[in-house]
Amino acid sequence: MKKHNFSAGPSILAREVIEKTAQAVLDFNGSGLSILEISHRSKDFEAVIEEARQLFKEILEIPEGYSVLFLGGGASMQFCMIPFNFFEKKAAYLNTGVWASKAQKEAKGFGEVVEVASSKDANYTFIPKDYVIPTDADYFHITTNNTIYGTELHTDIDSPIPLIADMSSDIFSRPMDVSKYALIYGGAQKNLAPSGLAFVIVKDELLGKVSRYIPTMLNYKTHIAEGSMFNTPPVLPIYSAMETLRWIKANGGLVEMQKRNVAKAELLYNAIDSSKMFVGTAAKEDRSLMNVCFVMKPEYKEFEAEFLKFATAAGMDGIKGHRSVGGYRASIYNAMPVESVQALIDCMNEFEKQH
Ligand SMILES: *Cc1c(COP(=O)(O)O)cnc(C)c1O
């Protein structure tokens, strides 16, 4: 039976990317060696990391003066690398979910942190909009897509101070204006590659301004100077990332990704909004194009577990909602075909008919 992979992360990758990666594991570039057993300093891998870097710049239209880094440690390592490199006296954070508050928690170890706004009291069902960014803070941190709650900032906001964004789960989902950001980072395992890799896009001129000693591995300048090869980078995920970026480019780039993502999300949200059983959990204006969260209406609550079983039996994988929201979450990243979204909707309709 065909599986439809709605997992939040690690998550669906384009079939082509998986096949190319499998091929590279068996025989990389016809070299007679696996990509798993070659030096990261070999010519062939140097070409891979360079192409991945160039495709980042090309697809996201990254302006001059920014560096693209491929690092280990996931997005979570960035939660502390950011204050190490940018925190001097004070930082500002927007609290839109568990990941946002984990990032904020790390900064608190460095000094004064201003939480400009929070939607925690509403279980993060919306993104706060009326807040003031303190102009005397060193940077303002946001999370553009809240993977757990299915809320998303759909535009690049303006900030009077350096803007830093966790884009783990919506990078490459829409065209964006990189010039508005001081730093963009994320774990690769949501929309780009297998786990084990974090990407960082950083504006070079903003580095080197803090007075503390920064441990070598946590200093962005180390990795910029060494082209992400100060130590052994995550070789295989970087290879898959390169293949995903080739796939995005061949499929029309970010304009086309956004078009497809909007179409898929509208299809699913419309089905939820017109259903008798299901209801969305996120505020409509903040609904994510990547993670669609919904629950059973109170009067159908008794069928919650049954629908999960029903959908799973029909091949829908990974739709159980995060424990802090409950219900269901369909993650419909770039690589998710519209046919799979339709299959989920058919499954919801069929379940409704039977109950
Ligand atoms: C998944 C996720 C993280 C954590 O990523 P790791 O690579 O596991 O550290 C952080 N932020 C957001 C928005 C995420 O979705």
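Worth knowing before you read on, the calculation uses all heavy atoms, side chains too, and leaves out hydrogens, waters and symmetry mates. Everything quoted here is computed from the prediction, not taken from an experiment. We number each residue from 1, following the sequence as shown. As the structure lists them, so they are numbered: ligands from 1, and atoms in each ligand from 1.
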Are F45 and H40 near enough that their ring centres are under 6.0 Å apart?
no
Do K190 and ligand 1 have an N or O pair less than 3.5 Å apart?
yes
Could you tell me if any non-hydrogen atom of Q189 lies under 4.0 Å from any atom of ligand 1?
yes
Assert yes or no for the condition that the ring centre distance of F278 to F307 is strictly below 6.0 Å.
yes
Does the distance from a Lys or Arg side-chain N to an Asp or Glu carboxylate O, for K102 and E106, drop under 4.0 Å?
no
Check: F110 ring centroid to F84 ring centroid under 6.0 Å:
yes
Those atoms of ligand 1 less than 4.0 Å from some heavy atom in T143
13 (C)
Can you tell me which residue and heavy atom of the protein come closest to atom 11 (N) of ligand 1, and the distance to 0.1 Å?
D166 OD2, 2.6 Å
Charged N to carboxylate O under 4.0 angstrom, R246 versus E51?
yes
Looking at T144, N146, T143, N145, which hits side-chain hydrogen bond (donor to acceptor under 3.5 Å, both in side chains) with T151?
N146
Going by the closest heavy atom to atom 9 (O) of ligand 1, which one wins out of G74, A103, S76?
S76
Contact atoms of ligand 1, heavy-atom distance to S168 under 4.0 Å
10 (C), 11 (N), 12 (C), 13 (C), 14 (C), 15 (O)
From Y185, F70, F56, residue fulfilling ring pair (Phe, Tyr, Trp, His ring centres under 6.0 Å) relative to F199
F56
Report yes or no: does N145 have a heavy atom closer than 4.0 Å to ligand 1?
yes
Considering only protein heavy atoms, which is closest to atom 5 (O) of ligand 1, and at what distance to one decimal place?
A75 CB, 3.5 Å
shortest atom 15 (O) of ligand 1-to-protein heavy-atom contact is with T147 OG1, 2.4 Å
